[in-house]
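Below: the structure, in structure tokens.
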Amino acid sequence: MKKLWNQYSYAITLIILSCLFAFIFSFQHHTNEQDQFVKVTISEGDTLWGISNQYAEQHTFSNEEFVSWVKKHNENISDQIFPGEEIIIPVNRTDSSLTTELASAPGE
């Protein structure tokens, strides 16, 4: 075993490092895709459930999951939201043009 290690130590080390790098890169890329969000300003009459329905095509949550996510990831958000508040909502963005469209849609 020691002779095998001495002969192929560089190749084995290179393979291990390559696999580790590939794993870290793929995990980081996957995480970044799921962690997409946009800031929304609450307008008069808005509800978290309504916002979930409004952005239903941009996220993969049920309405209950969406409301739970928003409450968990925004400070001081309860069952009631008020005009002028800014909240972060989850979206699955596929291109950069969607960011501007989503960010300016409500309350503007």
Side-chain angles (χ1 to χ4, degrees):
M1 183 72 170
K2 187 174 182 178
K3 187 176 181 179
L4 183 65
W5 174 254
N6 288 338
Q7 257 184 330
Y8 299 107
S9 63
Y10 293 112
I12 293 170
T13 303
L14 183 61
I15 290 170
I16 291 171
L17 289 175
S18 297
C19 290
L20 182 63
F21 178 75
F23 174 75
I24 291 171
F25 180 74
S26 68
F27 178 74
Q28 186 176 15
H29 180 69
H30 181 70
T31 302
N32 288 341
E33 286 181 353
Q34 290 184 342
D35 288 339
Q36 303 292 325
F37 58 90
V38 68
K39 187 181 288 189
V40 175
T41 302
I42 303 301
S43 298
E44 186 71 36
D46 281 347
T47 64
L48 293 178
W49 196 278
I51 293 170
S52 177
N53 286 331
Q54 181 180 355
Y55 290 95
E57 292 183 17
Q58 284 87 31
H59 67 80
T60 57
F61 295 110
S62 68
N63 286 337
E64 293 88 1
E65 292 170 331
F66 180 90
V67 170
S68 178
W69 188 98
V70 170
K71 286 180 182 180
K72 180 179 178 183
H73 291 89
N74 289 275
E75 293 180 14
N76 303 323
I77 295 294
S78 62
D79 290 330
Q80 208 169 19
I81 54 176
F82 301 97
E85 285 183 314
E86 290 184 336
I87 62 171
I88 302 294
I89 63 168
V91 294
N92 296 327
R93 292 187 290 217
T94 55
D95 65 283
S96 59
S97 65
L98 185 59
T99 304
T100 305
E101 179 183 333
L102 290 177
S104 64
E108 294 288 334

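A distance-only check finds a donor-acceptor pair linking the side chain of S18 to the backbone of L14 [under 3.5 Å].
Inter-residue side-chain proximity for I87 and L48 is flagged as met; some heavy-atom pair is nearer than 4.5 Å. The shortest side-chain heavy-atom distance between V67 and F61 does not fall under the 4.5 Å cut-off. Using a 4.5 Å cut-off on side-chain heavy atoms (C-beta onward), I81 and V70 make no contact.
Heavy atoms of other residues, nucleotides or ligands lying less than 6.0 angstrom from CD of Q7 number more than 12.
Closest non-hydrogen pair, S62 versus S52, comes out as O-OG, 4.3 Å.
Remark: T41 OG1 to D46 CG distance equals 10.0 Å, nearest 0.5 Å. Interatomic distance, NE2 of H59 versus CD of E65, reported as 9.5 Å (0.5 Å rounding). Rounded to the nearest 0.5 Å, atoms CD1 (I42) and CD (Q80) are 12.0 Å apart. Note: H73 NE2 to S68 OG = 9.0 Å, rounded to the nearest 0.5 Å. Rounding to the nearest 0.5 angstrom, the gap separating the CD1 atom in I15 from the SG atom in C19 is 7.5 Å. Atom CD1 of I77 sits about 10.0 Å away from atom NZ of K71, to the nearest 0.5 Å.
Judged as a salt bridge (Lys or Arg N to Asp or Glu O under 4.0 Å), and not counting sequence neighbours, the contacts of E86 are K39.
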Please lay out, stage by stage, how F21 and L17 fare under the test side-chain contact (heavy atoms from CB on, under 4.5 Å). CA-CA 6 Å; F21 178 75; L17 289 175; over 6 Å; no
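Note on Y8: it clusters hydrophobically with I16, by side-chain heavy-atom contacts below 4.5 Å among ILVMFWY residues.
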